[in-house]
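Reviewing the structure listed below.
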Amino acid sequence: MRINGKTPREILKFSSIRDFLEWLPQSSIQILVLLLFALTAIAPVYVSIKALSYLKPQFFIGGEINQYYIRDFYTNDYDKFMHGFVFPCVWIFSAAAYLLSFYKSHPDRTLSIMKQHRNTALAFFGMLIIWLVINVFLINGPTTNALHGSLPNHENLLLYLEYYLCFFPLGFLLTNAEKKRRILAFFALVSAVLVPFAVYLHPKVFTKDAIVAVFPNSNYYGIYLGIFLSLCISMTAGETVSRRRWFFTAILLIDTIVLYFNNTFGAWVGVFFACLFSIVAFRIRDGRFNRRALLVLVLFLGCLILCGLIDAAFISGKNNFTRNLLTLFRDILNIKTDPNSSAAAHAGSGRWKIWKYYLSVIREHPWFGIGLDGVRALDIGQSIKQNSPHNEYLQYATFLGIPGLILYFSACLSVFIRAIKYRKHLDNLTLAALTAAFGYLVGAFFGNTRYSTTPYLYIMLGLGYVHTDGAAE
């Protein structure tokens, strides 16, 4: 058996690392990236399987799972698996991929893309890294929270650097059509595989409690579902092979049903705007409307409406769809009538009051913020109780000041600007990754970053930054 022209015995006889690197095929870089992304994808399923070992008699009350008790265990497992295994692997795999890229960087665009002077997104992320390091070490000080993170989000300086230096750049190294299609399909499949675990671990989800899977609360599971629902939306609309299209359609329906019972309204909003983004993106690229993109929007909304009717008639007696819409209109009216009223304070499940508080913090520290994870040091008080802004953009401005927010927003925006500039080369796989990232970024107006969800944003931004080699349009 020969591997890239060499037998295993000949490979073992290489006399130097240089010989080994020369032998490695160009595709080995993309294989490294593929394996790393797959490892990141399976994390929630791995933790779910491990969580089944906790279903012992002491975890049941009256014959039902005490989900709040076991949640502490699997959240701790998730934390250990990601910080103790996945994230160290990310650094190692990234270093290996970059070294191979620069060592073997001759004609291949996949390798030379790292050095293109027009890579504005990487330039903005580079400036954000510099701003972040200055902020932590020179302005706000290397606090324990900044260097080590704090519960429950557990995001530290090293992890933020990993977002910008590893997950995003590795994404645009993966340009092979077949490998890119496989990893997108794998991400979608894992989101569906997670569903039976989520239902089994939380048997009351259809009557009482919001479904959370192995995430610390329902909001983070909603963010997770929103990313891959947005991905499936674009793949369903753009996939030209029938069996693949039905694969993504099936997962779209499964994840939509679960998202309804998860009841994270911010994720609903993100997916809805991802549908609109998909419609507009296909129109800009193709010069005509994609009818399947329009049908996918109808399918998503129709599924939510049907779930609401079934829920109200046969399950919990409530219709989350109509209730959330009525709440949204009521909240907007209360804010418009008197933004300082007690009624307005409860808008968005209390987010309006939280946002106002963190806006006041930003006004006090507009240039450099209060430091990475600095909210732990704030005297928030009982009126707010929340030690996170519940808005990713406010989070960046609170941590790193308004310049930090501008750099982060500019980096993300430049990915989409590049897509518009090279829209004629925008293939369906790249567009699907962009749609997933867009859905997350819209939903981010209602949520925070977290190590269990945020890596997927940077992966999708990376996959959406460079068009795919040999992809069918």
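Computation of the quantities below employed the complete heavy-atom set of this structure, encompassing side-chain atoms and omitting hydrogens, waters and symmetry-equivalent molecules. By convention here, the first residue in the shown sequence is residue 1. It should be emphasised that the depicted structure is a prediction, and the values quoted were computed from it without experimental measurement.
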For [X], which residues count as a ring pair (Phe, Tyr, Trp, His ring centres under 6.0 Å) partner, sequence neighbours excluded?
{"X": "W131", "result": "F368"}
{"X": "Y46", "result": "F81"}
{"X": "Y458", "result": "F125, Y163, Y164"}
{"X": "F37", "result": "none"}

Contacts table for residues 436-444: side-chain donor-acceptor under 3.5 angstrom, sequence neighbours left out:
{"residue": "Y440", "atom": "OH", "partner": "E392", "partner atom": "OE1", "Å": "2.7"}
{"residue": "Y440", "atom": "OH", "partner": "T454", "partner atom": "OG1", "Å": "3.3"}

Determine, for Y465 and R418, whether the Lys NZ or Arg CZ falls below 6.0 Å from the six-membered ring centre while staying within 45 degrees of the axis. yes
May I ask you to decide if the ring planes of W268 and F321 are parallel, tilted or perpendicular, using 30° and 60° as cut-offs? parallel
Can you list every pair that meets side chain to side chain donor-acceptor pair (under 3.5 Å) and has a residue in residues 271-282, with sequence neighbours left out?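 Output for this query is empty, none listed.
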R323: which residues meet the salt bridge (Lys or Arg N to Asp or Glu O under 4.0 Å) condition with it, sequence neighbours left out? none
With sequence neighbours excluded, tell me which residues meet salt bridge (Lys or Arg N to Asp or Glu O under 4.0 Å) with R245.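 R245 satisfies salt bridge (Lys or Arg N to Asp or Glu O under 4.0 Å) with no residue once adjacent residues are dropped.
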Under the side-chain hydrogen bond (donor to acceptor under 3.5 Å, both in side chains) test, which residues partner [X], sequence neighbours left out?
{"X": "W367", "result": "none"}
{"X": "Y224", "result": "none"}
{"X": "N324", "result": "N263"}
{"X": "T256", "result": "none"}

